[in-house]
Amino acid sequence: MEETIYQRVDNYLSKTFSLEDSILKETESSIVQNGMPEHSVSANQGQFLYLLAKMCNAKNIIEVGTLGGYSTIWLGRAIKGGGTVKSIEIERGFAEVARRNIEKAGLSDCVEIITGNALDILDTMNLNGEPVDLFFMDADKPNYINYFEWALKHARAGSLIIADNVIRDGKVLDEKSTDEKVLGVRAYNEMLAQNDKVISSVLQQVGVKEYDGIAISLVK
Ligand SMILES: C[S@@+](CC[C@H](N)C(=O)[O-])C[C@H]1O[C@@H](n2cnc3c(N)ncnc32)[C@H](O)[C@@H]1O
């Protein structure tokens with residue numbers, strides 16, 4: 001199939017900024033080789049997460065939904081030398097692939113991949129009294145509001161709470177949708193719009209991945 005203009009521009013930006021080194025390319029390959037879903041963020045989206053982590057001076061990062069660790073590597077590189085990333089993945093096999101990729105990236109000292117259902121893990125997580133500076137949710141959409149509530153409870157003023165895939169190829173417009181993912185992100189966007197504890201912006205995104213979007217919330 002011919003590449004769209006959005007995909008060509010995404011590739012142009014990724015190449016111009018030399019976003020992907022061999023570690024990131026090998027991480028992507030490991031996802032394909034292990035028959036895992038190709039649902040990682042793109043290189044440009046990874047760089048954007050990296051930038052956001054730097055902008056909020058993140059030391060403690062929590063990610064829900066690791067897959068093969070592609071976005072985790074971007075986040076780990078953002079805090080390298082001064083912080084930790086805890087990334088939660090429900091699929092044991094995916095978590096093992098991610099751990100190997102994190103090791104190859106030289107990030108095992110600051111990145112922990114935790115296997116389990118995210119809400120259960122978060123419930124018992126010990127943060128040693130430190131706030132979460134950046135929370136990135138990229139997993140089961142019906143639980144997005146639950147993840148947000150947990151993140152808000154453990155945030156500080158200036159923390160970022162980020163939710164991926166909140167546009168879903170425009171399906172977010174469908175008021176009659178019965179798709180639990182669409183219902184999950186519609187409820188999430190509507191909750192954000194009403195929540196006065198955060199300032200939020202939802203960005204539509206196009207590129208090498210599907211047409212989708214990301215919600216970014218700054219804790220007041
Ligand atoms: C979109 S992928 C994550 C992609 C990854 N953040 C990246 O960009 O490289 C979503 C992942 O969330 C995991 N997941 C789904 N439900 C989960 C849950 N309840 N707890 C933890 N992980 C979950 C899936 O197994 C899948 O690997």
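First listed ligand is number 1; within each ligand, the first listed atom is number 1.
- Side-chain contact annotation: D10 with N44, donor-acceptor N/O pair under 3.5 Å present.
- Heavy-atom distances between Y147 and ligand 1 reach below 4.0 Å in at least one pair.
- Under a 4.0 Å criterion applied to the non-hydrogen atoms of L67, ligand 1 contributes the atoms 3 (C), 4 (C), 27 (O).
- For ligand 1 and E63, the ligand atoms under 4.0 Å from any heavy atom of the residue are 6 (N).
- Between K171 and D179 there is no salt bridge, since none of the side-chain N atoms of the basic residue sits less than 4.0 Å from a carboxylate O of the acidic one.
- The residue among D164, D140, V97, N101 with a heavy atom at the shortest distance from atom 17 (C) of ligand 1 is D140.
- Electrostatic pairing of E190 and R186 counts as a salt bridge here, judged by a charged N lying under 4.0 Å from a carboxylate O.
- Following chains of ILVMFWY side-chain contacts shorter than 4.5 Å, one cannot reach L173 starting from L192, and the two form parts of different hydrophobic clusters.
- Side-chain contact, S87 with R99: no donor N or O sits under 3.5 Å from an acceptor N or O.
- Distance from atom 8 (O) of ligand 1 to its nearest protein heavy atom, with residue and atom name: V41 N, 2.8 Å.
- The ligand atoms of ligand 1 that sit less than 4.0 angstrom from a heavy atom of H39 are 1 (C), 4 (C).
- E20 has no carboxylate O lying under 4.0 Å from a charged side-chain N of K25, or vice versa, which leaves the two without a salt bridge.
- Ligand 1 has no N or O atom lying under 3.5 Å from any N or O atom of A139, backbone or side chain.
- For K220 (side chain) and D196 (main-chain N/O), a donor-acceptor pair under 3.5 Å exists by modelled atom type.
- The heavy atom nearest to atom 4 (C) of ligand 1, considering only L49, L122, D138, is found in D138.
- Heavy-atom minimum distance, L134 versus L52: CD1-C, 4.2 Å.
- Atoms of ligand 1 lying under 4.0 Å from any heavy atom of G116, numbered from 1 in the order shown and given with element: 20 (N), 21 (C).
- Between G65 and ligand 1, at least one pair of N/O atoms sits closer than 3.5 Å.
- Residue E91 has at least one heavy-atom neighbour below 4.0 Å for each of these atoms of ligand 1: 25 (O).
- For ligand 1, the polar-atom distance check finds no N/O of N165 at less than 3.5 Å from any of the ligand's N/O atoms.
- Close contacts of ligand 1 with F94, meaning ligand atoms under 4.0 Å from a residue heavy atom, involve 25 (O), 27 (O).
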Q.
For a side-chain hydrogen bond (donor to acceptor under 3.5 Å, both in side chains) check, start with the C-alpha distance between T72 and E63, then their side-chain angles and the critical distance, and finish with the verdict.
A. CA-CA 7 Å; T72 325; E63 174 180 59; 2.6 Å; yes
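- At the top of the distance list for atom 19 (N) of ligand 1, counting protein heavy atoms only, stands N117 OD1, 2.8 Å.
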